[in-house]
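What you see is a predicted model, and the numbers here were worked out from it, not measured in a lab.
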Amino acid sequence: MTSATDTPLPAITRLIATDLDGTLLRDDKTLSARTVAALAAAEEAGIEVFFVTGRPARWMDVVSNHVQGHGLAICANGAVVTDLRADGRLLTVRALERDAALHVVHSLRDSAPGTSFAIELTTGINYEPSYPPFHLDPGAAVAVAEKLLHEDVPGEGAPVLKLLAHHTEMPPDAFLALARTVAGERASITRSSPSALLEVSGLGVSKASTLAACCAERGISAAEVVAFGDMPNDVEMLGWAGTSYAMGNAHPAALAAATGQTLTNEEDGVAVVIERILAGR
């Protein structure tokens with residue numbers, strides 16, 4: 001792996017795709033002045049910047065002022081494309097089928113007793129009584145996952161974007177490996193939290209697959225994309241992009257998937273690379 005200063009850059013960079021937490025954002029969930037300036041300079045130079053995150057659209061206020069002209073972001077690990085200029089209006093939705101979500105719930109209840117669940121919908125999040133509460137979502141419904149996923153009329157409920165599975169005792173990577181073994185044939189399973197918190201999406205849904213579709217719509221090839229990430233939910237995106245950087249604080253899986261490594265999120269690692277891209281134009 002090469003560093004931020006010696007990784008070969010693409011001949012033409014047309015799009016920058018960056019994760020948020022642990023990547024673009026500092027640990028206090030803010031953007032540094034240097035990063036804000038780098039993002040604006042990239043857009044001014046004609047390079048599109050896409051925020052590609054596991055966050056739901058309603059938690060994008062931290063960057064909503066920095067989306068520039070296109071206004072688009074990929075949220076919920078690829079489950080939605082949202083227009084941040086239109087109060088987070090969802091442009092595309094790639095839902096997790098409820099029967100697949102129930103399969104994951106039952107599989108993890110059997111193989112990892114003590115797992116608790118939350119369901120991220122297009123309308124908000126609901127969770128089980130034993131799940132760590134979402135203080136940012138006071139209107140959430142609380143019930144067992146099977147009830148939260150039930151539909152009186154099949155197909156009439158709000159689309160499910162993600163199933164979240166939390167365990168208080170298992171090591172995070174072991175929990176991820178177990179879930180992929182027992183339920184990976186029905187859904188895409190990843191993680192982005194330092195705790196044992198899994199994020200379950202529809203089969204084939206990832207940051208990479210949705211980013212690839214957005215790029216195809218714009219006639220942008222993978223070779224013209226530079227991507228940044230730090231956690232397992234970034235692995236597919238880092239592997240898809242022609243040039244990719246894992247952060248200095250990245251998970252080993254992200255480091256293995258990327259073509260290069262930059263500084264940590266606290267050291268403006270994304271801005272360092274963007275500045276280099278712009279200096280070489």
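What you find for Gly269 and Thr262 is that their closest heavy atoms are O-OG1, 2.7 Å. When all heavy atoms of Ala79 and Val205 are compared, the closest pair comes out as N-CG1, 3.8 Å. Nearest heavy-atom pair, Glu236 versus Ser206, reported as atom, atom and distance to 0.1 Å: CB-OG, 4.2 Å. Contact record, Pro56 with Glu120: CB-OE2, 3.6 Å, taken as the closest heavy-atom pair. Taking every heavy atom of both residues into account, Ala258 and Ala246 meet most closely at CB-N, 3.5 Å. When all heavy atoms of Ala57 and Thr82 are compared, the closest pair comes out as CB-OG1, 3.9 Å.
Taking CD of Glu48 as the reference point, atom OG1 of Thr13 lies at 13.0 Å (rounded to 0.5 Å). Between atom CZ of residue Phe228 and atom CG of residue Asp234 there is a gap of 12.0 Å, rounded to the nearest 0.5 Å. The distance from atom OG of Ser192 to atom CG of Asp21, rounded to the nearest 0.5 Å, is 7.5 Å. The OG atom of Ser111 sits 12.5 Å away from the NE2 atom of His106 when rounded to the nearest 0.5 Å. For the atom pair Leu96 CG and Ile119 CD1, the distance stands at 9.5 Å (nearest 0.5 Å). Note that the NZ atom of Lys147 and the CG atom of Asn126 stand 11.0 Å from one another [nearest 0.5 Å].
Side-chain contact between Ile125 and Leu164: present, with at least one pair of heavy atoms (C-beta onward) separated by less than 4.5 Å. In this structure the side chain of Leu198 never reaches within 4.5 angstrom of the side chain of Thr190, judged on heavy atoms. Looking only at side-chain heavy atoms (C-beta outward), Asn265 and Asp27 come within less than 4.5 Å of each other. Side-chain atoms of Lys207 and Leu211, non-hydrogen and from C-beta on, never get closer than 4.5 Å to each other. Side-chain contact check for Val270 versus Thr35: every heavy-atom pair is 4.5 Å or farther apart. Side chains of Val200 and Ile189 form a contact here, defined as non-hydrogen atoms less than 4.5 Å apart. Asp19 is not listed as a side-chain neighbour of Met231, based on a closest heavy-atom distance of 4.5 Å or more. Between Phe117 and Leu149 the shortest side-chain heavy-atom distance does not fall below 4.5 Å.
Cluster membership check: Leu20 shares its hydrophobic cluster with Ile274, using side-chain heavy-atom separations under 4.5 Å among Ile, Leu, Val, Met, Phe, Trp and Tyr. The cluster map of Ile, Leu, Val, Met, Phe, Trp and Tyr, joined by side-chain heavy atoms under 4.5 Å apart, puts Trp59 and Leu161 in different clusters. By the rule that hydrophobic residues join a cluster once side-chain heavy atoms approach within less than 4.5 Å of another member, Leu31 and Leu278 end up as members of one cluster. In terms of hydrophobic clustering, with Ile, Leu, Val, Met, Phe, Trp and Tyr side chains grouped at heavy-atom distances under 4.5 Å, Met60 and Leu24 are assigned to a common cluster. Cluster membership for Leu90 and Val63, using ILVMFWY side-chain heavy atoms within less than 4.5 angstrom, is not shared.
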Review point. Could you go step by step and tell me if Leu102 and His150 meet the side-chain contact (heavy atoms from CB on, under 4.5 Å) rule?
Key: CA-CA 9 Å; Leu102 283 168; His150 177 73; over 6 Å; no
Practice item. Verify side-chain contact (heavy atoms from CB on, under 4.5 Å) between Ile74 and Cys214, making sure each step is shown before the conclusion. Key: CA-CA 9 Å; Ile74 296 170; Cys214 290; 4.1 Å; yes
Point to revise | Chi angles and distances behind the side-chain contact (heavy atoms from CB on, under 4.5 Å) call for Arg191, Asp173 | key: CA-CA 9 Å; Arg191 75 177 190 88; Asp173 286 333; 2.9 Å; yes
Exercise for review: Would you please test Val225 and Trp240 for side-chain contact (heavy atoms from CB on, under 4.5 Å) and show each step?
Suggested key: CA-CA 9 Å; Val225 176; Trp240 176 81; 3.9 Å; yes
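The pair Glu224-Arg218 fails the salt-bridge criterion, with no side-chain N (NZ, NE, NH1 or NH2) lying under 4.0 Å from an Asp/Glu carboxylate O.
A donor-acceptor pair shorter than 3.5 Å cannot be found between the side chains of Ser201 and Asn77. Remark: the Ser107 side chain and the Arg186 side chain contain no N/O donor-acceptor pair separated by less than 3.5 Å. Checked by atom type, the side-chain pair His103/Glu97 shows no donor-acceptor distance below 3.5 Å.
The main-chain N or O of Ser116 is never found under 3.5 Å from a side-chain atom of Ser130 such that the two would form a donor-acceptor pair. A distance-only check finds a donor-acceptor pair linking the side chain of Ser188 to the backbone of Gly202 [under 3.5 Å]. In terms of modelled atom types and a separation under 3.5 Å, the side chain of Thr115 and the main chain of Ala112 share a donor-acceptor contact. For Gln261 (side chain) and Leu255 (main-chain N/O), no donor-acceptor pair under 3.5 Å exists by modelled atom type. Put simply, the side chain of Glu151 gets close to the backbone of Gly157: a donor and an acceptor are under 3.5 Å apart. Although no hydrogens or angles enter the test, the distance criterion places a donor-acceptor pair under 3.5 Å between the side chain of Glu128 and the main chain of Ala145. Formation of a donor-acceptor pair under 3.5 Å by the Glu43 side chain with backbone atoms of Val49 is found in this model.
Around CD1 of Ile12, the count of heavy atoms belonging to other residues, nucleotides or ligands within 6.0 Å does not exceed 12.
For the side chain to side chain donor-acceptor pair (under 3.5 Å) condition, the pairs that include at least one residue of residues 158-171, sequence neighbours left out, are Lys162-Glu199.
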